[in-house]
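Take a look at the structure set out below.
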Amino acid sequence: MKAEETDPERWEECPALLLLLSLLLPPLGLPALGAPPRLICDSRVLERYILEAREAENVTMGCAEGCSFGENVTVPDTKVNFYSWKRMEVEQQAVEVWQGLALLSEAILQGQALLANSSQPSETLRLHVDKAVSSLRSLTSLLRALGAQKEAISPPDAASAAPLRTFAVDTLCKLFRIYSNFLRGKLKLYTGEACRRGDR
């Protein structure tokens, strides 16, 4: 018997299945096989990642021992000028989000390595960092499925495009604050517009 093909529209008609998939994504680190390309367009999926990032930020607030890296970690600037963002070409928005996500992934991995080398790493901190590593892998795959990588490869006026703004942080709390702000800011703005374009 021939296997029935998966219809992406059926996923959109079944929010319970979408939510179940979003619950499975962080532990696996990658979207489930057969997941619809526009899974991230379900607001509950992105909100779950935002919630995890804010929980990690709250846990590390006021943390002194074990939360300092002892060296600087480079992260993307998360400030958004909404007027400029709206006037920006969609390809340039994709560049900002794609490069920012890649830089955040590197920063979290660096934080994970520094935490592993600390004398007495907190199990709670290790859990949140490991979860962030997994979540960023999932978000990268979801954005790739949405077409962000293709849009970011050859943006118009690439040669004159401003380089990604960055700065350095030296604690887990600051790193998770940037992570949370990035998801709630540029990433949410980009996916919202990308999903609306797909609905037209």
Side-chain angles (χ1 to χ4, degrees), residues 26 29 46-85 87-89 91-144 148-149 151-153 155 157-191:
L46 183 55
E47 287 301 325
R48 175 173 176 80
Y49 292 112
I50 291 173
L51 178 61
E52 287 181 355
R54 298 193 75 168
E55 285 177 350
E57 180 187 354
N58 291 336
V59 165
T60 54
M61 274 185 176
C63 170
E65 187 176 355
C67 289
S68 177
F69 295 143
E71 62 182 76
N72 289 331
V73 174
T74 304
V75 293
D77 185 359
T78 59
K79 293 186 182 70
V80 180
N81 182 313
F82 292 100
Y83 177 74
S84 299
W85 184 267
R87 293 169 58 87
M88 196 182 292
E89 294 287 342
E91 292 86 357
Q92 187 57 39
Q93 291 178 353
V95 168
E96 290 250 343
V97 170
W98 192 255
Q99 291 183 353
L101 197 65
L103 192 58
L104 264 177
S105 297
E106 291 177 13
I108 293 288
L109 284 171
Q110 191 175 348
Q112 185 184 46
L114 292 170
L115 190 64
N117 292 330
S118 63
S119 56
Q120 292 181 326
S122 163
E123 195 60 38
T124 301
L125 292 179
R126 190 199 301 272
L127 175 64
H128 283 290
V129 171
D130 289 349
K131 188 180 291 186
V133 169
S134 179
S135 294
L136 281 163
R137 286 173 180 162
S138 294
L139 284 167
T140 298
S141 296
L142 288 170
L143 280 177
R144 184 181 292 113
Q149 186 181 27
E151 290 181 332
I153 288 175
D157 302 323
S160 60
L164 182 69
R165 298 187 305 275
T166 64
F167 62 98
V169 298
D170 58 2
T171 67
L172 270 177
C173 181
K174 292 177 183 177
L175 176 55
F176 279 125
R177 184 181 303 133
I178 292 299
Y179 176 36
S180 174
N181 288 344
F182 183 82
L183 297 191
R184 292 185 290 118
K186 291 181 180 180
L187 183 62
K188 192 170 185 178
L189 285 170
Y190 172 76
T191 55

- Message: Under the side chain to side chain donor-acceptor pair (under 3.5 Å) definition, can you give me all pairs with a residue in residues 100-110, not counting sequence neighbours?
- Response: Glu71-Gln110
Heavy-atom closest contact ([X] atom, [Y] atom, distance):
X: Leu164; Y: Gly100; result: CD2-N, 3.9 Å
X: Ser135; Y: Glu52; result: OG-OE1, 3.0 Å
X: Pro76; Y: Leu103; result: N-CD2, 3.6 Å

- Message: Going by side-chain hydrogen bond (donor to acceptor under 3.5 Å, both in side chains), name the residues that satisfy it together with Asn58, two or more places apart in sequence or in a different chain.
- Response: none
- Task: Could you walk me through whether Thr171 and Thr60 pass side chain to side chain contact (heavy atoms under 4.5 Å, CB included), step by step?
- Result: CA-CA 9 Å; Thr171 67; Thr60 54; over 6 Å; no
- Item | Worked verdict on Phe176 versus Glu55 for side chain to side chain contact (heavy atoms under 4.5 Å, CB included) | CA-CA 9 Å; Phe176 279 125; Glu55 285 177 350; over 6 Å; no
- Note on the structure: Which of Thr78, Ile178, Leu183 passes side chain to side chain contact (heavy atoms under 4.5 Å, CB included) with Leu104? It is Ile178
- Considering the options Leu46, Val97, Leu142, which one meets the side chain to side chain contact (heavy atoms under 4.5 Å, CB included) requirement together with Thr191? Leu46
- Between Glu47 and Arg54, is the closest basic N to carboxylate O distance under 4.0 Å? no
In Å and rounded to the nearest 0.5 Å, what is the [atom1] to [atom2] distance from [X] to [Y]?
X: Lys186; Y: Lys79; atom1: NZ; atom2: NZ; answer: 10.0 Å
X: Leu51; Y: Ser180; atom1: CG; atom2: OG; answer: 9.5 Å
X: Ile50; Y: Arg48; atom1: CD1; atom2: CZ; answer: 12.5 Å

- Mind checking side-chain contact (heavy atoms from CB on, under 4.5 Å) for Leu101 and listing every partner two or more places apart, or none if nothing turns up? Leu136, Leu139, Thr140, Leu143, Phe182
- Check against side chain to side chain contact (heavy atoms under 4.5 Å, CB included), Asp130 and Gln112: CA-CA 7 Å; Asp130 289 349; Gln112 185 184 46; 2.7 Å; yes
Tell me, please, which residues at least two apart from [X] pass salt bridge (Lys or Arg N to Asp or Glu O under 4.0 Å).
X: Asp170; result: Lys174
X: Arg177; result: Glu57
X: Arg165; result: Asp77

- Query: Between the main-chain N or O of Trp85 and the side-chain N or O of Gln93, is there a donor-acceptor pair closer than 3.5 Å?
  - Reply: yes
